[in-house]
Structure formats: structure tokens, C-alpha cells
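Below: the structure, in C-alpha cells.
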Amino acid sequence: MKFGPLSWKHRPPHALSQSSDNGTLRFLEDGTFQITVFSDLHFAEDEESIEGPMKDARSAEVVKKVLEHENSQLVVLNGDLISGYGTTADNATLYLDQIVAPIVNLGLPWATTYGNHDNQDYSRSTDLLRREMEYKNSLTNNMLPDNSQAGVSNYFLQVYPASGNQDVPEVILWFFDSRGGREERDWIDDSVVSWFKETSSKLTQQYKKTIPSLAFFHIPITATYEFQNSPGVDPSREPGNNGEKVWWQGRAYDGKTGHDVSFMTALSNTDGLLATFSGHDHDNDWCYKWSHTTANQISTGNGVNVCYGRHTGYGGYGNLSRGGRQIFLRQETLTKEAVTWIRLEDGWVPENVTLNATYGQDEYHPLQQHIELKRSEFQGVGNSLHIVPGLYSAILFLFLITFCWN
């Protein structure tokens, strides 16, 4: 399933950086905000061989090329930046410098969730955070610093309007540490869940309204595994690669489901939560509407959209073309939808969907044909992606040839 490149071009870096001043994220003047998500970069593999540095260089080039094709205001590094099992003493933060270099060069802010391999062997997520905080464009934080069981990257960011009432955010971005690695419990800790619920409630009271939100965490929730089993991923309604069994939160610990029930319940009870985004499973990049109820489901969603990212780095397993997930928000439709697509390093877009009330019912390119997508100058993103009419002419032409030949 491969589609042509979107036609609009990346704005100059100085225009991009205007969305963030003094660490404050803001929508652009046109009322849009875009996030690029990179997952599973896996730097530091095979560092003792010539292949290791070559893989890292190619991974950094993926980040650079994807960002050059997009007009993002924020980059999210959604876990497994580094393959901790490939590092040696004291060198993990050097790999972090390589990862963020293309982002720094474009003047973009970024935020990180750490994955299981970021806190493994010689790599420590605490060291990575300490190094990140030396960069002025890093927004990564730890809002539970005194809780050693909580992991490291648990925090939230607020995105404000470009103008008007700038005291109330338009959207809240939640980041959670799903742990694993040296911390064998590979799920979001209940203490973090409590903090999330309390903080979300306080923010609603503070702003006297529900603020739309997104959530990012590395290891997918158990509900994703359950959905994959039943009703299953429909390539027409949940387009994307479904190449491996979901590795849910808690699976590495004892192979059982249920460890993340508290977290899933909190997500499903969060008003205004539009979507969640995970990585971890390199051969999956689909989204689904979390609302189905099955006999085996241990927690029921309330219509939250749940998405994978795209395997970004050349480290780690998997043969999919490398790239990153894009999330496009408009102020005027924030409570209703988010548009998302995968951008590959060569500029092509293999899938794009609108995460709205009817996602999971709408059909997307069911024939998996080579369809070119075009975008018209930043306007109506969800509606301006369209199929090139020439495809149908070509099909008709081939049909006529076959008919006449027979």
C-alpha cells in the first residue's frame, strides 16, 4: 500500500520556531498545530561493527527527511530512542545528541517518552533526561521526581492559541512512562494513574471546561491486543500494517493481561481525550476506535482513538520503510477530530485517516492501490487529500483493452 507524496513543502525553520516562545507551545496564526512522532529509533545497535554507526546515520537521516517534508510545531520521540543492550558505560547520552541533532538544526521543540530499551543495561532514562534538559528546545520533564517506581517521563504540556485568550490552552498533551527494561514491570504504574486523574481533574476545574487532549506512551495498552484478536484489524477501516502480535503492557513481565487496567480505565474516563499514540511493535502502524466490547475485554473504551506510530530507526527488527506519524490539529475542530498520516523518509504517504466519530466505520482505500495524494495549501487537510482522477482513467483503459482483446 503505497501512495504518492503530498505536494506542499516545508516552511523555513525560522517560521516553525515561532510556535514556541520560552518553552510555551502555541498554535500557528492559521489555527493549526502539527506534531511529528518518531518511534523506536534504536540507536546504538552493533556499535562495535561498521554496521552500527551506519544504521545510526541512516536513522538520523530519516528524522531529517521526514521533518523537511512536514510543517511540524512539535516533535515527539515516543520511546526506544536507544538500544540499551548495545551501549557501553557512559556513552548513551552521546547517542541522544545524535538523535536530536536534526531537530535542533531545525529549531524545533521536542518531547520524549522513554521506552523499555532506554532504561536497559548501560542506558539509564534518568541520564537521558538529565542530558535532554541541557537543550533549551527539550520539553521533556518528570513531574513525579520523588517516585522511583513511576518511571521518568510522566508529565504534560499545554498548547495555547496564537492569539485571543492565551491563558487557557487549546489542547493538553500527556506523556507517560510505560517502564520495562531494568524496571521489569512494563506498564504504567498505578501511582502515575492516580497523578493523571488528579491532575486532569484539577486542570478541568482551573479552566472551567474540558480541554481536548492527546496521550503518548511507548508500550501499547492491552485493549490493542484484544482488538487485534477480536473483532480484528480491518484493512479497509483500520488501514496500515498489521504485521505482528501486539506486545501489550505487562506481557514481558509475566505474559498476562490486566496489569494496565487502572491506566486503561483512567484513559477511557478522561473527557476530551481524542487519541493515544504508542510504538514498541515495529511491524504495526494502524489505528482503531476503542469502543468494542468482547467477552475477553478487561476494560472498555469510550470511543478513544488508539494509534501506533511508525518504526523510525534502522536499529531493531522489522523491514517496513522507515518514517514517522503526523498529527494535524485545527482549533475549530479540536473537539471532533484529528487528522493523522504516516510520512516515509522518501516523502511518500502510505496512509492517512481522520480520527473522528465515524472512524472505524469509514473505509479507506480498500483496494490498497497505488494512489497519489495531493494537499492544497494547508487548507481543509482532512478534505483536501484526494485520489488522483488519472488512476480511474488508467483502470478504465486497461479494462477496455482486455475487453476488446477478448
Side-chain angles (χ1 to χ4, degrees), residues 1-4 37 39 214-215 217 219-249 251 257 260 264 267-268 273-311 318-321 323-328 336-344 348-373 381-383 385-388 391-392 395:
M1 186 166 57
K2 192 175 185 182
F3 304 90
V37 185
S39 304
L214 303 174
F217 43 91
I219 304 177
I221 54 177
T222 301
T224 305
Y225 165 68
E226 293 168 339
F227 181 90
Q228 188 185 51
N229 285 338
S230 177
V233 180
D234 183 333
S236 298
R237 293 181 172 84
E238 293 93 23
N241 293 282
N242 182 31
E244 66 175 298
K245 178 180 177 180
V246 173
W247 195 284
W248 65 87
Q249 291 186 23
R251 180 181 171 188
T257 60
D260 58 346
M264 289 192 293
L267 291 175
S268 64
L273 181 62
L274 293 171
T276 73
F277 299 88
S278 299
H280 198 54
D281 300 335
H282 299 184
D283 291 331
N284 292 340
D285 68 357
W286 42 277
C287 301
Y288 70 99
K289 176 78 71 178
W290 182 25
S291 58
H292 294 78
T293 301
T294 67
N296 296 325
Q297 203 161 30
I298 58 179
S299 183
T300 302
N302 65 349
V304 176
N305 300 292
V306 179
C307 292
Y308 277 105
R310 178 71 169 221
H311 184 192
N319 296 314
L320 295 180
S321 298
R325 177 167 290 283
Q326 314 304 315
I327 306 166
F328 188 89
K336 298 179 180 178
E337 67 179 33
V339 180
T340 183
W341 62 92
I342 299 294
R343 173 74 74 173
L344 302 181
W348 290 55
V349 175
E351 60 194 66
N352 72 93
V353 299
T354 300
L355 303 174
N356 56 14
T358 58
Y359 183 72
Q361 304 171 37
D362 304 327
E363 291 196 356
Y364 293 88
H365 319 304
L367 298 180
Q368 300 188 20
Q369 300 172 86
H370 186 121
I371 299 172
E372 184 181 358
L373 301 177
V381 170
N383 298 322
L385 297 172
H386 59 277
I387 298 173
V388 174
L391 174 66
Y392 296 105
I395 294 173

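Here the structure is a predicted model, which means the values were calculated and not measured. Throughout, residue positions are numbered sequentially from 1 according to the sequence presented.
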- request: Kindly write out the residues that satisfy side-chain hydrogen bond (donor to acceptor under 3.5 Å, both in side chains) with W286, not counting sequence neighbours, or none if the list is empty.
  value: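 For W286, the residues satisfying side-chain hydrogen bond (donor to acceptor under 3.5 Å, both in side chains) (neighbours in sequence not counted) are N242.
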message: My understanding is that only one of D283, D281, I342 makes a side-chain contact (heavy atoms from CB on, under 4.5 Å) with Y308; could you say which?
response: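 Between Y308 and the candidates, side-chain contact (heavy atoms from CB on, under 4.5 Å) is satisfied uniquely by D281.
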Side-chain heavy atoms of [X] within contact of [Y], under 4.5 Å:
| X | Y | result |
| --- | --- | --- |
| L214 | F277 | yes |
| Q228 | N284 | yes |
| L355 | L274 | no |
| L344 | R310 | yes |
| I221 | L267 | yes |
| D234 | Y364 | no |
| T354 | D362 | no |

message: If we count only N and O atoms by modelled type, under 3.5 Å, do the side chains of R325 and S39 hold a donor and an acceptor together?
response: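 Checked: R325/S39 side chains show no N/O donor-acceptor pair below 3.5 Å.
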field: Results of salt bridge (Lys or Arg N to Asp or Glu O under 4.0 Å) for R251 - residues two or more places apart only
entry: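 In terms of salt bridge (Lys or Arg N to Asp or Glu O under 4.0 Å), with neighbours along the sequence ignored, R251 is linked to no residue.
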query: Which class fits the ring pair F227 and Y288: parallel under 30°, tilted 30 to 60°, perpendicular over 60°?
result: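 Parallel, since the angle between the ring planes stays under 30°.
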